[in-house]
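Accompanying notes for the structure given below.
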Amino acid sequence: MESGSIPVGDLSGGVDVQATLESGQSFRWHREDGRMYEADGPSGGSAWYATAVGGHTGGDPEVVRVRQRDGLLEWEATTDADRLLVERLRLDDDLPAIFDAIPDDELLSAATDAYRGLRVVNDPFFPCLVSFICSAQMRVERIHEMQAALAREFGETVVFDGETYHGFPTPERLARAGEDELRALGLGYRAPYVQRSAELVASGEATADDVRGLDYEDAREAMQAFVGVGDKVADCVLMFSLGYLEAVPLDTWIRTAIGEYYPHCERGSYAETSDAIRAEFGGEYAGYAQTYVFHYLRNRA
DNA sequence: CGCCAGGGCTCAG
DNA sequence: CTGAGCCATGGC
């Protein structure tokens with residue numbers, strides 16, 4: 001076992017691991033105390049979170065475990081995890097600069113004050129794509145369960161510290177899984193979407209490389225080559241995997257916020273409403289603002 | 001029973 | 001391009 005720690009004080013703007021990993025951005029982390037998404041217990045702020053990474057590329061998964069305690073990000077893993085954590089949790093993002101770019105109206109101030117240190121994640125493309133295809137009309141907790149079921153059923157296992165972990169399945173494996181097998185895991189009508197999108201990735205007919213590097217609007221369009229991906233899911237994958245921090249996914253919570261706080265941004269179509277709220281949220285880092293608002297509103301209700 | 005959950009697909013107009 | 005209907009599943 002390797003281990004290490006990163007001083008939170010070295011990170012511009014700090015970090016809030018719990019808010020980052022329990023805000024419905026990444027569905028590949030698990031709280032080791034089994035209380036993911038439950039109300040903050042006394043130890044909630046320093047719980048261990050674990051994930052198995054790398055399995056979706058066909059190699060043996062590596063396990064990474066992290067917790068935030070006493071001003072440190074402590075980790076234990078099957079490999080050196082310093083740089084991996086910096087990448088996955090975007091620890092190099094300059095949060096004060098990002099907050100400067102986000103307007104400080106009533107809602108945004110409340111949301112960023114409540115979860116200061118929450119960071120937008122940077123997940124690998126395929127697991128992120130599948131997660132958000134599964135997210136359609138689903139609660140966050142169930143999206144998480146569905147990804148766990150996919151990994152348990154089709155992912156490579158790895159034992160670490162006496163515990164068994166499952167990496168995310170490869171595109172080939174999910175493409176080979178029949179629609180019926182996926183439905184059996186509770187994916188419902190999303191099952192054929194996942195299967196067909198996995199096929200596209202496995203065959204190379206549509207991949208992340210077709211999207212990476214495009215201007216935001218073109219990238220959102222290109223994402224819809226995948227099955228089960230419309231404007232909203234496209235925005236999620238663009239932000240949480242491909243680094244488009246200006247993307248503002250219009251989900252039910254944000255639409256409610258628009259109705260209550262920004263009615264002038266309601267323009268009828270997704271594209272125009274998204275454009276308006278992106279400007280309202282300061283443009284460049286509007287997705288960061290959206291992520292804070294989503295987590296804030298969802299936890300407040 | 002009904003409603004809702006981080007929507008997308010298909011088919012009419 | 002826009003809108004309705006449909007799509008599974010589980011919690012409340």
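Chain letters run A, B, ... following the sequence lines, proteins first and then strands; every chain starts at 1. This structure is a prediction, so every number in the text was calculated from the model and none was measured. Computed from heavy atoms alone, side chains included, the values below leave out hydrogens, waters and symmetry copies.
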Integer-rounded Å distance: [N] [atom2] and [X] [atom1]:
X        : N     : atom1 : atom2 : value
A:Asp231 : C:dT2 : CG    : P     : 11 Å
A:Arg267 : C:dT2 : CZ    : C1'   : 18 Å
A:Phe294 : B:dG7 : CZ    : C1'   : 13 Å
A:Leu297 : B:dC4 : CG    : C1'   : 17 Å
A:His144 : B:dA5 : NE2   : C1'   : 17 Å
A:Gln137 : C:dG5 : CD    : C1'   : 13 Å
A:Glu141 : C:dT9 : CD    : C1'   : 15 Å
A:Arg255 : B:dG7 : CZ    : P     : 9 Å

When you group the ILVMFWY residues by side-chain heavy-atom contacts below 4.5 Å and let the links chain together, are A:Val130 and A:Tyr189 in the same group?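 Yes.
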
With the 4.5 Å side-chain cut-off for hydrophobic clustering, are A:Val66 and A:Val158 part of the same group?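 They do not share one cluster, since no chain of ILVMFWY contacts under 4.5 Å joins A:Val66 to A:Val158.
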
Provide the distance between the two P atoms, one in C:dA8 and one in B:dC11, to the nearest whole Å.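 C:dA8 and B:dC11 have their P atoms separated by 15 Å.
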
If we take the P atom in both B:dG6 and C:dG5, what is their distance in whole Å?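 Comparing P positions in B:dG6 and C:dG5 gives a spacing of 24 Å.
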
Residue A:Ser135, side-chain atoms from C-beta onward, closest of C:dT2, B:dG6, C:dC7: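 Closest nucleotide to the A:Ser135 side chain: B:dG6.
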
Could you check which of B:dG8, B:dG6, C:dA8 has an atom nearest any side-chain atom of A:Tyr193?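 Comparing B:dG8, B:dG6, C:dA8 against the side chain of A:Tyr193, the answer is B:dG8.
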
For the residue pair [Y] / [X], report whether a side-chain donor-acceptor contact shorter than 3.5 Å exists.
X       : Y        : result
A:Ser3  : A:Glu76  : no
A:Arg65 : A:Tyr165 : yes
A:Ser26 : A:Asp123 : yes

Taking N and O atoms by type only, does the side chain of A:Tyr270 place a donor or acceptor under 3.5 Å from a partner on the base of B:dG8?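 Per atom types, no contact qualifies.
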
Under 5.5 Å centre to centre and under 30° between planes: does that hold for A:Trp253 and the six-membered base ring of B:dG6?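 Stacking between A:Trp253 and B:dG6: absent.
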
Taking any heavy-atom pair under 4.0 Å as a contact, classify [X]: base, sugar-phosphate, or nothing.
X        : result
A:Arg190 : base
A:Val140 : base
A:Gln290 : base
A:Ser23  : base
A:Gly24  : base

I want to check one thing: is the phosphate of C:dA8, taken as OP1 and OP2, less than 4.0 Å away from some side-chain N or O of A:Arg183?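 For C:dA8, OP1/OP2 do have a side-chain N/O of A:Arg183 under 4.0 Å.
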
Can you tell me the Watson-Crick or wobble partner of C:dT9, both distances under 3.5 angstrom?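 Base partner found: B:dA5.
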
Which residue lies toward the 5' end of DNA chain B, A:Cys236 or A:Phe226, if each is placed at its nearest nucleotide?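 Of the two residues, A:Cys236 wins.
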
Quick check: on DNA chain B, is the nucleotide nearest A:Gln224 upstream (toward 5') of the one nearest A:Leu250, or the reverse? Name the residue that is more 5'.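 Here A:Leu250 is the residue nearer the 5' end.
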
Run A:Tyr49 and A:His30 through ring pair (Phe, Tyr, Trp, His ring centres under 6.0 Å) and show every step you take. CA-CA 5 Å; A:Tyr49 295 85; A:His30 304 270; 9.9 Å; no

